[in-house]
Visitor: 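Take this structure, written in C-alpha cells, and hold onto it; I'll ask about it next.
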Amino acid sequence: MSFFEQPALQYVTGPRPHYAFIWLHGLGADGHDFAGFVEAFAGITDKAMRFIFPHAPIQTVTLNGGARMPAWFDLYGTRPEDPQDEAGIQHAAHAITGLIKEQAGHGIPSDRVILGGFSQGGAVALYTAVTGPQHLAAGVGLSTYLPLAHRFAEGLPHVNDATPVFLGHGTDDLMVPYAFALKTHALLGTNGITAELHTYPMAHDISDTEIGDLKVFLTGALARRDLAGRP
C-alpha cells in the first residue's frame, strides 16, 4: 500500500524542468498550504523548475488526543526524552526517497532536487536529506528539528556532507523550541554536515524576512552548482 493517499500537487515553471523543489507541510496541514512557494521561489534560477507539494496521510496523532489528521508520523510528546515514532519516521523518509527517485523519470536526477519542509514536514525532510542514499542540491528545515537524533549517525552515508543546508527558526517558538534548532545545528556539524542556522524574532511561523533569506541561500546554492558545470 502506498504511503501517499492522494497525488501531490505539482507545478512546472516551463518545459523540461531542470530542478525539482519538494516541500513537506506541517502537522494537520496539506500541500496546498505552501502552493504560494511557486511564485516565491520560481526566480531562484533561470532554469525551469518542477514544484512538488505532497500531502501527508491521515493518521492518528497521540499527542493530539488520538485525533486523526494529516501527519507524516505519530507524535507522543514534545520533550527530547519522549519516545519517537521510529517506524513512522522511517516509513515517511522512505516514501520521500521514492518521490525523489521518481523525478529521474522527469529528467531531474537527485542532485538537482531541493528537499525541504516546515515543522513536522521539515523533520522528515531533514532526516531524509542527511540519512538518505541520494545526493541532493539543497536541504531546508524551517521551525523544525532532526528526529531520531540519538541514532541518526548510525550508518550515515555522508553523501550530503557538502550539500547546502538551511535551518530557519523563531526564537519565540513554543511549539518547537529554539533549543531544538541549536541542538540540530550542532549535531549536524559534529557529524560533518555544514548547515546555516538563521534565527528570527517570531513564534512557530514563517516570516517574509526568512523567505527572503532562503531565496538568497537557494539562489547561491544553485548558481554555484551551475558554475561547477554539473549536468
Side-chain angles (χ1 to χ4, degrees), residues 22-29 33-34 54 56 59 61-64 69-97 114-132 136 138-158 160-161 163-207 210-211 213-214 217-218:
I22 300 175
W23 191 263
L24 311 185
H25 61 77
L27 178 69
D33 275 34
F34 288 95
Q59 55 183 306
V61 177
T62 302
L63 182 63
N64 288 354
M69 62 185 65
W72 297 103
F73 53 87
D74 195 4
L75 285 171
Y76 304 121
T78 57
R79 300 171 302 173
E81 64 269 23
D82 287 330
Q84 298 183 62
D85 178 16
E86 182 169 351
I89 294 166
Q90 298 283 10
H91 192 195
H94 180 75
I96 300 304
T97 296
I114 299 165
L115 176 62
F118 173 76
S119 195
Q120 194 190 44
V124 173
L126 272 183
Y127 185 81
T128 305
V130 300
T131 69
L136 303 176
V140 182
L142 305 185
S143 301
T144 193
Y145 64 99
L146 182 64
L148 305 180
H150 62 290
R151 55 171 300 178
F152 99 97
E154 297 175 8
L156 195 64
H158 292 290
N160 281 306
D161 284 4
T163 296
V165 175
F166 182 103
L167 302 175
H169 216 103
T171 54
D172 301 322
D173 193 336
L174 298 180
M175 190 169 296
V176 181
Y178 178 58
F180 283 38
L182 295 174
K183 180 178 179 180
T184 294
H185 183 245
L187 185 62
L188 292 177
T190 298
N191 286 278
I193 301 167
T194 302
E196 291 187 13
L197 175 58
H198 297 251
T199 59
Y200 307 91
M202 63 181 186
H204 194 67
D205 203 353
I206 298 176
S207 71
E210 184 177 35
I211 292 297
D213 289 343
L214 180 54
F217 175 87
L218 292 176

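These values consider heavy atoms only, across backbone and side chains, with no hydrogens, waters or symmetry-generated copies. Small disclaimer: the values here were computed from a predicted structure and weren't measured.
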Visitor: Kindly indicate whether the side chain of L27, heavy atoms from C-beta on, has any atom under 4.5 Å from the side chain of L63.
Guide: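 They are not in side-chain contact.
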Visitor: I'd like to check T163 versus I193 (side-chain heavy atoms, cut-off strictly below 4.5 Å). Are they in contact?
Guide: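 Side-chain contact under 4.5 Å: no.
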Visitor: Within the side chain of D74, is there an N or O that forms a donor-acceptor pair under 3.5 Å with the backbone of D85?
Guide: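 No; judged by distance alone, with no hydrogens or angles, the pair does not exist.
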Visitor: Restricting to side-chain hydrogen bond (donor to acceptor under 3.5 Å, both in side chains), what partner residues turn up for Y127, sequence neighbours left out?
Guide: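 Residues passing side-chain hydrogen bond (donor to acceptor under 3.5 Å, both in side chains) with Y127: Q90.
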Visitor: Decide if the gap between the ring center of W72 and the ring center of H91 is smaller than 6.0 angstrom.
Guide: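 Judged by ring-centre distance (under 6.0 Å), W72 and H91 do not meet the cut-off.
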Visitor: Would you check if I206 and I211 make a side-chain contact, meaning some heavy-atom pair closer than 4.5 Å?
Guide: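 Touching, per the 4.5 Å side-chain cut-off.
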Visitor: Any side-chain heavy atom of D173 within less than 4.5 Å of one from F180?
Guide: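 Not touching, per the 4.5 Å side-chain cut-off.
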Visitor: Which residue, L136, L126, T184, forms the side chain to side chain contact (heavy atoms under 4.5 Å, CB included) with V165?
Guide: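 Among L136, L126, T184, the one meeting side chain to side chain contact (heavy atoms under 4.5 Å, CB included) with V165 is L126.
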Visitor: Whether the side chain of H169 engages the backbone of L182 through a donor-acceptor N/O pair (distance < 3.5 Å, no angle test) should be reported.
Guide: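 Judged by distance alone, no pair lies under 3.5 Å.
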Visitor: E210 versus D205: any side-chain heavy-atom pair under 4.5 Å?
Guide: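 Side-chain contact under 4.5 Å: no.
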Visitor: Decide if atom NE2 of H94 counts as having more than 12 heavy atoms of other residues, nucleotides or ligands within a radius under 6.0 Å.
Guide: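 Atom NE2 in H94 is not packed in, count stays at 12 or less.
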Visitor: Could you tell me whether a side-chain N or O of H185 sits under 3.5 Å from a main-chain N or O of A195, the two making a donor and an acceptor?
Guide: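 Pair found, side chain donor or acceptor close to backbone of A195.
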Visitor: Ring centres under 6.0 Å, that's the criterion: do F118 and H204 meet it?
Guide: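 Between F118 and H204, the centre distance is under 6.0 Å.
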Visitor: Just so I know, are the side chains of L197 and L167 near enough to count as touching, which here means a heavy-atom distance under 4.5 Å?
Guide: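 Of all side-chain heavy-atom pairs linking L167 with L197, at least one is under 4.5 Å.
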Visitor: Count the heavy atoms belonging to other residues, nucleotides or ligands that lie under 6.0 Å from CE of M69, then report whether that count exceeds 12.
Guide: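 Yes - once you tally the heavy atoms of other residues, nucleotides and ligands closer than 6.0 Å, there are more than 12.
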Visitor: Does Y145 reach the side chain of K183, with side-chain heavy atoms less than 4.5 Å apart?
Guide: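 Y145 vs K183: side chains apart.
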Visitor: So W23 and F34, would you call those rings parallel, tilted or perpendicular, with 30° and 60° as cut-offs?
Guide: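 W23 vs F34 ring planes: tilted.
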Visitor: Less than 4.5 Å apart, any side-chain heavy atom of T131 and any of L148?
Guide: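 The answer is no, as the side chains (C-beta and beyond) never meet within the 4.5 Å cut-off.
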